[in-house]
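For reference, the structure is listed below as structure tokens.
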There are 2 protein chains.
Amino acid sequence: MNGEETLDESASRVLNSLTGLENIYLEQLKSFSELDREPTARIISISYYALISTDENIQINEKYSAKWFDLKQFPNLIFDHNKMVQNAVTRLRYRASTQPIGFELLPEKFTMKDLQSLYEAIFDEKYDKRNFISKINSMDILVKTEEKDMTSSRKGSFLYRFDKEKYHKKLSQGYLFKI
Amino acid sequence: MNGEETLDESASRVLNSLTGLENIYLEQLKSFSELDREPTARIISISYYALISTDENIQINEKYSAKWFDLKQFPNLIFDHNKMVQNAVTRLRYRASTQPIGFELLPEKFTMKDLQSLYEAIFDEKYDKRNFISKINSMDILVKTEEKDMTSSRKGSFLYRFDKEKYHKKLSQGYLFKI
DNA sequence: ACAAAAGTGTTTCCTATACACCCATGC
DNA sequence: GCATGGGTGTATAGGAAACACTTTTGT
């Protein structure tokens with residue numbers, strides 16, 4: 001980090017220089033301070049994770065040779081970076097079960113199927129679509145649009161939007177998000 | 001922190017110099033890095049919380065003028081330290097609901113009433129004793145001893161121990177602690 | 001007409017909660 | 001014998017999970 005920014009700002013800046021993205025959900029995870037975690041010097045790292053929507057068009061800056069990996073088949077990382085990833089997955093699952101961060105990861109309009117697939121990916125579990133949809137509907141934080149996504153079926157499936165205002169209103173009335 | 005220790009070690013050392021205690025449960029919370037969090041210099045702090053059992057006999061080192069406060073009536077703290085305390089309470093509650101850290105805070109042998117009072121303090125809620133006890137019993141991680149605590153009633157109440165081995169065996173079989 | 005995904009309700013089970021009386025003992 | 005805290009069981013309600021068929025439409 002630089003001397004003139006917070007750690008959160010620093011994380012934002014790094015993500016931006018890597019992807020060009022701005023205003024991305026970032027959450028601080030934890031510090032890693034083992035003496036021998038890197039061989040050349042004593043380095044303390046504070047890890048973060050970001051939620052990057054599937055509809056963002058990203059040009060990864062080649063300078064850092066970063067790459068996307070599927071969680072189920074990602075390579076061994078150097079130093080303690082495997083631990084960092086594991087820690088990030090755990091935190092992501094906790095966060096996703098207590099806050100509607102799922103919507104950070106979808107385009108503004110999405111189908112119920114998209115939403116279900118996303119949560120299935122986050123928790124690495126399969127859900128029954130009837131139960132999933134009625135759970136989501138019971139939360140009453142989505143708005144059904146008139147539009148349909150016609151790309152995945154002949155019948156087409158309705159698109160929904162996350163209603164931030166409604167959600168925050170419910171929050172202030174003591175509502176607890178729980179999935 | 002010194003240059004030759006991890007942050008966890010540093011937290012242990014600070015706690016030890018404050019209280020003389022060793023082998024205390026400590027968990028790292030998060031970093032605080034706002035530019036103006038302290039007026040005199042740019043300081044980044046990593047907060048921790050500790051679980052200190054009610055049966056520890058503690059001599060607080062007067063050098064640091066530390067004091068114990070009841071959470072329900074603790075004073076305003078300087079800088080961003082109120083935030084730190086709030087963050088610690090939130091984490092403690094999360095941890096206590098997913099891991100049996102309650103037992104870190106009790107003597108080796110304790111009554112069901114002790115345990116219930118402890119969880120009531122952590123979550124600032126009252127529980128029905130029948131429901132509480134049957135929930136604890138259904139976990140099957142306590143051992144009832146033959147001994148009774150005679151200090152709180154004429155009848156006396158049985159003392160229990162937390163069975164770490166049993167708990168870890170259950171964990172390895174996929175058991176999830178949940179209170 | 002048929003293939004492919006969307007959409008929709010009901011039943012069952014289990015967990016969480018509410019609730020009240022008897023027991024053992026010291027005084 | 002009574003006051004005090006300890007100990008115990010059951011009934012009810014609500015949420016989670018299991019489960020299958022009809023609809024739409026492009027080809």
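Numbered from 1 within each chain, the chains take letters A, B, ... in sequence-line order.
Counting to the nearest Å, the P atom of C:dA16 and the OH atom of B:Y127 are 13 Å from each other. Between B:N137 atom CG and C:dA16 atom P the separation is 15 Å, expressed in whole Å. Distance, A:K178 NZ to C:dA16 P: 11 Å, rounded to whole Å. B:E125 has its CD atom 15 Å from the C1' atom of C:dA18, to the nearest Å. Look at CG on A:D114: it is 13 Å from C1' on C:dA5, rounded to the nearest Å. The separation between B:K135 atom NZ and C:dT17 atom C1' is 10 Å, rounded to whole Å. Across the protein-nucleic acid pair, B:I179 atom CD1 and C:dA16 atom C1' stand 13 Å apart, rounded to whole Å. Computed from coordinates, the A:K129 NZ to C:dG7 P distance equals 8 Å when rounded to whole Å.
Crowding of B:K83 atom NZ: a count of heavy atoms from other residues, nucleotides or ligands under 6.0 Å not exceeding 12. Residue-environment remark: CD (B:E62) stays at or below the threshold of 12 foreign heavy atoms within 6.0 Å.
The side-chain tip of A:K144 does not point at the ring of A:Y160 from less than 6.0 angstrom away and within 45° of straight on.
For B:R130 and B:D128, the salt-bridge test passes: some basic side-chain N is under 4.0 Å from an acidic carboxylate O. The pair A:D124-A:K72 meets the salt-bridge criterion, with a side-chain N (NZ, NE, NH1 or NH2) lying under 4.0 Å from an Asp/Glu carboxylate O.
Heavy-atom contacts of chain A under 4.0 Å fall on DNA chain D between two terminal nucleotides, which in 5' to 3' order are D:dA17 to D:dG26.
Contacts between residues 139-161 of chain A and DNA chain D, counted as heavy-atom distances below 4.0 Å, involve A:R154, A:K155.
A:Q86 places a side-chain heavy atom less than 4.5 Å from the side chain of A:T90. A 4.5 Å side-chain heavy-atom check between A:L51 and A:I24 finds every atom pair outside the cut-off.
A:L15 and A:L29 sit in two unconnected hydrophobic clusters of ILVMFWY residues. Membership requires side-chain heavy atoms under 4.5 Å apart, directly or through other members.
Identified under the side chain to side chain donor-acceptor pair (under 3.5 Å) test for residues 14-35 of chain B, with sequence neighbours left out: A:Q28-B:S31, A:S31-B:Q28, B:Y25-B:E27, B:E27-B:Y49, B:E27-B:R91, B:E27-B:R95, B:Q28-B:Y48.
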